[in-house]
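One structure is given below, encoded as structure tokens.
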Amino acid sequence: MRCQICKENEATIHLTEITDGLRNEMHLCELCAEEEGITIKSQVSINELLSSLLAAKPTDEELLGDSERKLSCPRCGFTLEQFHKKGLLGCPYDYEVFDKILSVLIEKAHDGQTVHRGKVPSKTPTQMKSQIELLDLRRQLDAAVKSEDYEKAAKLRDKINQIEN
Amino acid sequence: MKLTDISGDINEWFSGSGPLADVVISSRIRLARNLAGHKFLSRCSASERSAILKELRDVLMPLELGDKIFYISVDKAPVLDRSFLVERYLISRHHAEGRGPRGVVIAQREFFTAMINEEDHLRIQVLKAGLQLSQCAEQMNHIDDAIEQKVDYAFSPRYGYLTACPTNLGTGIRVSVMLHLPALKMTDQIEKFFNAARDMNLAVRGLFGEGTEAAGDFYQISNQATLGVSEADIISQFENAIIPDIAEYEKAARTLLLSKQLDVLDDKISRAMALLGNAHLISSQEALFLLSHLRMGINMHEYMGASTPAIKRLCTQSQQDDDTDKTGGVSIATINRLFMLTLPAHLQLNYGKPLDPTHRDILRAKIIRSELASG
Ligand SMILES: [Zn+2]
Ligand SMILES: [Zn+2]
């Protein structure tokens, strides 16, 4: 199969993406893929990521300062060092306590995604449900702006304003 | 209910039926859930684990699943029983080898299991034969809703369902499809499948084998990312793109074998028939490896109308030239039974007591010889 951009080289990179039910396929050669900013990620394990972050040099203090290293969860007593050993958290609240470092890990582990999409427990209070809807709309807005679909972006912004007020 | 009630036969999802059954063995959907107001398991004392176990067991046992439900206390079960549950995909190896109070709830027809106190408080799964992810998802969703009526799940607006390991959070869903890819292996193209999976950030592992090596050419492909992509989008991607594409690759490889590498194909099938039909000692790995070739031969006959000399012998004649006028040959049902029933724990559980490896190999060879001889 030929690359669909240069129509010259053999396509060696095949991407299939399904967003909101629409299937989008791309077949590119390595050069064009690089031009398009598509890099083939190799899967990095959460433990490798964590090790590299914990081994961060003093200059990286912004990411993981002394205060983060010494932090422990007030509910379960969990520390980052324990996470480093097992790769497992101590309690649901740890996601808030250690958000600064976990958010970096989570983004890397989930293909750059940072916000939940999908099922929500039916018991969820109405207020939390609209909070979830807002998070999803903002994510869609970001995507619309990125793909320069300004018409869609404007509609999304209206919807967000409506809910916020 | 005893394990020997189910160990004598294969389960529904291994029956070789369902959409794309010549390549897709089964579909599975698993959800990871945790109870709000409890610590994750690594920080729980034994008594906290027991409390979680009791709470979830009391919620799960009365579920209306249209089937009998039974419970097995995994921490108290003998090693052989645990190995059997792992071979059967009813629990994970992690659960079998874990520590502390833990259990599994199983529907007798084995389409549903719920592991309690594995890595998360609750891991529920639904399994079906062939490519049936949407059907798995629908049933899974109903069961999850029914459980959620009785308990509060740990959930955050931003991160969705919260799990002990950050790699599972969000939907907490793991979509897995079990595939049989002997022709890709035989034509040296299995790397293509691995590379495609890696590029799409999907995890691949061999099944039934020890370590990463796939015994019997069975592979499982699963999603890895669980945050920021909905259950429906993941399932649609598997069902409409990934799995049909892989099935096409495998079928193209089978066509290639039939058109250009007939001698290679017939050699593999004939050797498999000869060895399985005559061996008196056979290891589990060797049996899986050889049965895989027979399974492919029969499926090529049934789905592609293939009729090479070796396939004809496999599918239309009995192995033994006795005077019974059997015309059926070896059926796919027989092969599937042999795959599962000759696994080490199955063998020993059905025999009634533990056997050392040599005696297992003798018993395995005997079962295979007699089943193949009778079709
Ligand atoms: Zn190109
Ligand atoms: Zn905690």
Side-chain angles (χ1 to χ4, degrees), chain A residues 12-21 23 25 40-43 45-46 50 73 75-78 82-83 85-96 98-99 102-103 105-107 109-124 128-135 139, chain B residues 31 33-44 119-120 141 144-145 148-149 151-173 195-196 198-203 224-238 240-242 245:
Chain A
T12 51
I13 291 163
H14 310 277
L15 300 162
T16 310
E17 230 182 24
I18 293 189
T19 319
D20 300 323
R23 181 174 167 182
E25 272 185 57
I40 300 305
K41 296 155 291 191
S42 57
Q43 184 63 12
S45 81
I46 199 104
L50 190 71
C73 170
R75 295 198 188 161
C76 75
F78 194 69
Q82 283 158 340
F83 183 53
K85 277 187 199 135
K86 285 191 166 176
L88 298 171
L89 295 170
C91 81
Y93 189 54
D94 296 354
Y95 280 106
E96 288 178 43
F98 303 103
D99 181 54
L102 287 178
S103 61
L105 288 177
I106 288 166
E107 191 175 341
H110 296 278
D111 290 347
Q113 299 290 327
T114 54
V115 178
H116 175 58
R117 283 188 72 203
K119 188 169 183 176
V120 172
S122 58
K123 274 195 244 170
T124 309
M128 199 195 261
K129 274 186 181 156
S130 55
Q131 194 187 340
I132 292 164
E133 200 189 343
L134 268 177
L135 282 168
R139 185 197 56 80
Chain B
L31 299 179
R33 298 286 188 255
N34 288 277
L35 301 177
H38 285 279
K39 291 173 199 156
F40 291 137
L41 290 163
S42 66
R43 302 292 286 173
C44 281
E119 185 179 290
D120 294 298
N141 197 34
D144 185 46
D145 286 345
E148 195 226 312
Q149 294 303 311
V151 302
D152 288 322
Y153 285 144
F155 182 88
S156 106
R158 178 159 70 132
Y159 285 148
Y161 294 91
L162 299 175
T163 50
C165 180
T167 52
N168 296 319
L169 94 179
T171 55
I173 200 171
N195 293 339
R198 205 185 43 221
D199 292 350
M200 297 171 93
N201 195 14
L202 301 171
Q224 302 202 92
T226 51
L227 182 69
V229 48
S230 70
E231 295 89 345
D233 280 350
I234 296 178
I235 288 160
S236 156
Q237 194 179 8
F238 268 77
N240 302 316
I242 298 164
D245 283 358

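Every chain is numbered from 1, with letters handed out A, B, ... down the list of sequences. Computed from heavy atoms alone, side chains included, the values below leave out hydrogens, waters and symmetry copies. Computed from a predicted model, the values in this text were never measured in an experiment.
- Per-residue heavy-atom pair counts under 4.5 Å with chain A were compared for B:Asn195, B:Thr226, B:Asp152, and the maximum is reached by B:Thr226.
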CA sep, side-chain torsions, deciding dist, call: A:Leu88, B:Glu119, side-chain contact (heavy atoms from CB on, under 4.5 Å): CA-CA 9 Å; A:Leu88 298 171; B:Glu119 185 179 290; 3.5 Å; yes
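- When each of A:Gln131, A:Arg75, A:Lys129 is checked for heavy-atom pairs under 4.5 Å with chain B, A:Gln131 comes out on top.
- Side-chain contact check for A:Lys119 versus B:Tyr161: some heavy-atom pair is nearer than 4.5 Å.
- Proximity to chain A involves both the backbone and the side chain of B:Asp145, based on heavy atoms less than 4.5 angstrom apart.
- When heavy atoms are compared at a cutoff of 4.5 Å, B:Ala154 approaches chain A solely by way of its side chain, counted from C-beta outward.
- Listed options A:Pro92, A:Gly118, A:Cys73 were ranked by heavy-atom pairs under 4.5 angstrom with chain B; first place goes to A:Pro92.
- Most heavy-atom pairs under 4.5 Å with chain B: of the set A:Cys91, A:Gly112, A:Cys76, A:Gly77, this distinction falls to A:Cys91.
- Listed here is the closest heavy atom pair of A:Met128 and B:Pro157: CG-CG, 3.4 Å.
- A:Phe78 touches chain B through backbone and side chain together, each having a heavy atom under 4.5 Å away.
- Contact annotation for A:Glu96: neither backbone nor side-chain heavy atoms come within less than 4.5 Å of a heavy atom of chain B.
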side-chain contact (heavy atoms from CB on, under 4.5 Å) between A:Ser122 and B:Gln149, intermediate numbers included: CA-CA 8 Å; A:Ser122 58; B:Gln149 294 303 311; 3.8 Å; yes
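- Most heavy-atom pairs under 4.5 Å with chain A, from the set B:Asn34, B:Thr163, B:Leu41: that is B:Thr163.
- Within the 3.5 Å criterion, the main-chain N or O of B:Val151 finds a donor-acceptor partner in the side chain of A:Lys123.
- Counting heavy atoms from C-beta outward, A:His116 and B:Phe155 have side chains that approach closer than 4.5 Å.
- Taking a cutoff of 4.0 Å between a charged side-chain nitrogen and a carboxylate oxygen, B:Arg158 and A:Asp99 qualify as a salt bridge.
- Judged by distance alone, the side chain of A:His110 and the main-chain N or O of B:Pro166 form a donor-acceptor pair under 3.5 Å.
- Here CG of A:Asp111 is found 4.5 Å from CG of B:Asn201. Values are rounded to the nearest 0.5 Å.
- Heavy-atom minimum distance, B:Cys165 versus A:Gly87: SG-O, 3.7 Å.
- Using a 4.5 Å cut-off between heavy atoms, A:Ser130 does not touch chain B at all.
- For the set A:Asp94, A:Thr124, A:Ile132, the entry with the most heavy-atom pairs within less than 4.5 Å of chain B is A:Ile132.
- Counting all heavy atoms, side chain and backbone alike, A:Tyr95 lies closest to B:Leu169 at CE2-CD1, 3.5 Å.
- Residues B:Tyr159 and A:Leu102 have side chains not in contact (no heavy-atom distance under 4.5 Å, counting atoms from C-beta outward).
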